[in-house]
Visitor: 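First the structure, then my questions, so here it is.
Please read these numbers as outputs of a predicted model, since none were measured by experiment. Every number for a ligand or one of its atoms is a count from 1 in the order of the listing. Here, residue 1 is the first one in the sequence, and each next residue gets the next number.
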Amino acid sequence: MDTKIFTEDQLDDAVKLLSKGELVAFPTETVYGLGAIATNEKSVKGVYAAKGRPSDNPLIVTVSDEKMIEKYAKEVPERAKKLIKHFWPGPLTILLYVKPNALPDAVTGGLDTVAFRCPDHKLTHDLIKKLGYPIVGPSANTSTKPSPTTAEHVYHDLKGKIAGIIDGGETRVGLESTIIDLSVDTPIVLRPGEITPEELSEVLGEEVLINTGKVSDKEIPKAPGMKYRHYAPSAPVVVVDNSDDFSKIDFEKDMGVMALDSILEKIDLPDENKFSLGKNLVDADHNLFGGLRYFDDKNNIDRIFVQGFNQGQESLAYMNRLNKAAGGHHFN
Ligand code: TXA
Ligand code: MG
């Protein structure tokens with residue numbers, strides 16, 4: 001299959017392909033998603049196949065506005081309305097009870113809940129609006145690889161497997177949306193993202209729990225995706241929690257390093273072994289997946305040292321993704 005790249009003035013061509021049941025990747029403010037009409041079971045199954053994703057890992061349903069979820073949610077509780085009013089469109093995914101038989105089991109993984117997301121991205125908003133149906137939207141990477149933050153990343157992983165990619169340039173945030181579960185008594189953040197638990201708690205006016213993400217293979221995790229290896233380049237990743245420790249590492253030519261500019265400039269390695277995370281944590285969120293992909297494509301690198309951050313809830317999302325990529329491996 002030929003994978004077409006669409007520019008923003010070719011949105012109608014992308015809509016046509018989706019209407020025919022084809023798969024088209026789309027930009028959001030977090031990472032690129034892999035779209036297919038959410039009510040078309042055959043297309044949804046194609047999404048699992050293209051990504052190589054385990055079939056018990058449910059998909060996000062991406063909508064263009066709040067109104068669209070009413071057809072698919074069993075009910076939209078007051079708490080959800082508050083969050084939607086405050087954070088949508090934006091990087092917040094909300095888990096609600098699904099209306100029975102409204103969506104194929106392939107979308108929900110057979111669970112009684114469904115995850116709704118309304119991205120803050122004009123192209124994607126217009127795409128879904130024109131299509132008239134919500135689209136599923138898992139990150140548009142091959143399963144276990146870092147999520148794509150450019151159309152090139154998507155092409156690298158999925159060329160020949162999907163009909164098209166809408167190129168919206170680099171994504172703004174760089175890490176996936178915050179997921180909050182509202183199907184339980186006390187709201188709980190299942191995956192940290194740019195919107196922090198504190199901000200959610202403030203808007204809701206009630207306590208918000210944080211899932212620690214630790215699940216054994218035998219448990220059924222709340223967010224099924226959490227049990228799988230993730231974001232991992234082929235070379236082992238080591239987290240360097242204390243930036244002073246970079247001076248203790250004996251860097252060799254088969255090592256890569258990802259850190260802020262202020263740290264990189266003190267490390268004696270060729271430029272190609274260094275990947276800049278930028279100037280601060282917000283830059284680092286934006287650059288993390290791109291850096292992991294950069295080293296994944298180099299076969300002369302045997303180990304990658306990556307800067308850790310300890311900035312309270314602001315660094316929760318970054319550390320969650322980095323710890324997964326590193327499989328819990330820290331320097332020292
Ligand atoms: O920012 C994002 O959310 C991106 C962009 C493309 O929208 N999408 C994304 O989708 O990250 P994905 O599939 O890569 O991650 C969604 C996570 C998975 O871990 C999945 O297990 C979980 O959400 N999830 C989906 N539906 C669920 C449900 N009903 N109950 C619990 N977890 C669910
Ligand atoms: Mg993903």
Visitor: Give the atom numbers and elements of ligand 1 that come within less than 4.0 Å of a heavy atom of E176.
Guide: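 With E176 as reference, the close atoms of ligand 1 come out as 1 (O), 2 (C), 11 (O).
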
Visitor: Any donor-acceptor pair under 3.5 Å linking the side-chain atoms of E170 with those of H286?
Guide: yes

Visitor: Below 4.0 Å, non-hydrogen atoms only: which portion of I179 touches ligand 1? Side chain, backbone, both or neither.
Guide: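 The answer is the side chain.
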
Visitor: Check this for me, if you would: do K4 and D13 make a salt bridge, where the nitrogen-to-carboxylate-oxygen distance has to be below 4.0 angstrom?
Guide: no

Visitor: Could you tell me whether ligand 1 has any atom less than 4.0 Å away from a heavy atom of G137?
Guide: yes

Visitor: Taking the six-membered ring for Trp, are the ring centroids of F331 and F246 within less than 6.0 Å of each other?
Guide: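 No, too far apart.
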
Visitor: When you compare ligand 1 with N57, is there at least one nitrogen or oxygen pair between them that comes in under 3.5 angstrom?
Guide: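 So ligand 1 has an N or O lying under 3.5 Å from an N or O of N57.
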
Visitor: Is there side-chain contact between P233 and F295, with at least one heavy-atom pair below 4.5 Å?
Guide: no

Visitor: Tell me whether S147 has at least one N, O or S atom under 2.8 Å from the Mg ion (ligand 2).
Guide: no

Visitor: Using a strict 4.0 Å cut-off to heavy atoms of I60, name the atoms of ligand 1 that fall inside it.
Guide: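 What qualifies from ligand 1 is 3 (O), 8 (N), 9 (C), 10 (O), 16 (C).
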
Visitor: Should S201 and E207 count as side-chain neighbours, where that means a heavy-atom distance under 4.5 Å?
Guide: no

Visitor: Which residue in the set K51, K145, R293 passes salt bridge (Lys or Arg N to Asp or Glu O under 4.0 Å) when paired with D157?
Guide: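 Testing D157 for a salt bridge (Lys or Arg N to Asp or Glu O under 4.0 Å) against K51, K145, R293 leaves exactly one candidate, R293.
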
Visitor: Within the structure, does T108 bring an N/O atom to less than 3.5 angstrom of an N/O atom in ligand 1?
Guide: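 By distance alone, the answer is no.
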
Visitor: For R117, counting its heavy atoms only, list the atoms of ligand 1 lying under 4.0 Å from any of them.
Guide: 1 (O), 2 (C), 3 (O), 5 (C), 7 (O)

Visitor: So which bit of T30 gets within less than 4.0 Å of ligand 1, heavy atoms only: side chain, backbone, both or neither?
Guide: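 For T30, only side-chain atoms sit under 4.0 Å from ligand 1.
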
Visitor: Examine the proximity of ligand 1 to R53 and report which part, side chain or backbone, both or neither, has a heavy atom under 4.0 Å away.
Guide: side chain

Visitor: Can you see which heavy atom on A115 is nearest to which on L95, and at what distance?
Guide: CB-CD1, 3.6 Å

Visitor: Pairs of nitrogen or oxygen atoms closer than 3.5 Å, one from L95 and one from ligand 1: do any exist?
Guide: no

Visitor: Just which atoms of ligand 1 are under 4.0 Å from any heavy atom in A115?
Guide: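 Within the 4.0 Å cut-off of A115, ligand 1 contributes 25 (C), 26 (N).
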
Visitor: Only heavy atoms count here, so choose which of P138, P58, A140, S177 is nearest to atom 10 (O) of ligand 1.
Guide: P138

Visitor: Looking at ligand 1, would Y32 count as a contact under a 4.0 Å heavy-atom criterion?
Guide: yes

Visitor: If the threshold is 4.0 Å, N to carboxylate O, is there a salt bridge linking K129 and D65?
Guide: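 Salt bridge flag = yes for D65 with K129.
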
Visitor: Applying the salt bridge (Lys or Arg N to Asp or Glu O under 4.0 Å) test to E29, which of R172, K122, R117 qualifies?
Guide: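 Among R172, K122, R117, the one that satisfies the salt bridge (Lys or Arg N to Asp or Glu O under 4.0 Å) with E29 is R117.
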
Visitor: Which of the atoms in ligand 1, numbered in the order shown and given with their element, are less than 4.0 Å from a heavy-atom of G33?
Guide: 6 (C)

Visitor: Which atoms from ligand 1 have a heavy atom of L111 less than 4.0 Å away?
Guide: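 With L111 as reference, the close atoms of ligand 1 come out as 28 (C), 29 (N), 30 (N).
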
Visitor: Does the pair K82/E78 count as a salt bridge with the N-to-O cut at 4.0 Å?
Guide: no

